[in-house]
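Remarks on the structure that follows.
All figures in this text were calculated on a predicted structure; none of them were measured in a lab.
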Amino acid sequence: RELGAAHGFFSVECHACNGLGQLAMDDGRHEEGLDLLRNAHVASRLSEHADSSHAEVRDVDEQIVLLSLIHALFNTDAIDEVEPLVPRYLEAAKALSAKKGCLGYYDLHSLYTSARLHEAR
């Protein structure tokens with residue numbers, strides 16, 4: 001994780017923080033896990049894959065992290081923090097499917113997440 005952060009390899013930092021955050025959540029260290037997952041989300045948006053030839057990698061990284069972060073926030077009843085992430089998740093899922101030309105897992109999961117948020121409200 002530190003190697004990625006120190007040298008601007010945001011994709012490495014993103015994946016490391018996502019994995020460590022999920023592990024911390026599984027171990028019951030929710031505050032630490034959420035901090036790592038939030039950091040993973042920021043790193044996914046700063047990915048070195050910013051040019052158009054690698055934009056899909058960045059988009060997939062963001063989808064993976066949003067999935068983990070939203071799931072963790074729901075599990076800790078942090079509904080207020082989930083709310084602003086859901087539109088981004090929906091938007092990113094639609095953009096990714098438009099590039100692929102078909103619906104994918106993230107489209108379906110983003111709709112489920114939106115319905116879950118609506119139910120929690």
Got a sec, which residues hit salt bridge (Lys or Arg N to Asp or Glu O under 4.0 Å) with [X], two or more places apart in sequence or on another chain?
X	value
D77	none
D26	none
R116	none

Decide yes or no for [X] and [Y]: does some side-chain heavy atom of the first lie under 4.5 Å from some side-chain heavy atom of the second?
X	Y	result
D61	R45	no
L90	L111	yes
V60	Q63	no
L46	V42	yes

Do any pairs count as a ring pair (Phe, Tyr, Trp, His ring centres under 6.0 Å) and have a residue in residues 93-121, sequence neighbours left out, and if so which ones? Y89-H109, Y105-H109, H109-Y112

Quick note, ring pair (Phe, Tyr, Trp, His ring centres under 6.0 Å) partners involving residues 18-46, not counting sequence neighbours, are none

Provide the closest heavy-atom pair for [X] versus [Y] in the form atom of the first, atom of the second, distance.
X	Y	answer
I79	A120	CD1-CB, 4.0 Å
E13	N39	OE2-ND2, 3.1 Å
D80	P84	O-CD, 3.2 Å
M25	A72	CE-CB, 3.6 Å
V65	A40	CG1-C, 3.6 Å
C102	S97	O-CB, 3.0 Å

Mind checking the [atom1]-[atom2] spacing from [X] to [Y]? Nearest 0.5 Å is all I need.
X	Y	atom1	atom2	value
L73	L37	CG	CG	8.0 Å
L36	E31	CG	CD	11.0 Å
L34	T76	CG	OG1	4.5 Å
D107	L103	CG	CG	5.0 Å
D35	C17	CG	SG	10.0 Å

Applying side chain to side chain donor-acceptor pair (under 3.5 Å), can you list everything that pairs with Q22, at least two apart in sequence or on another chain? S68

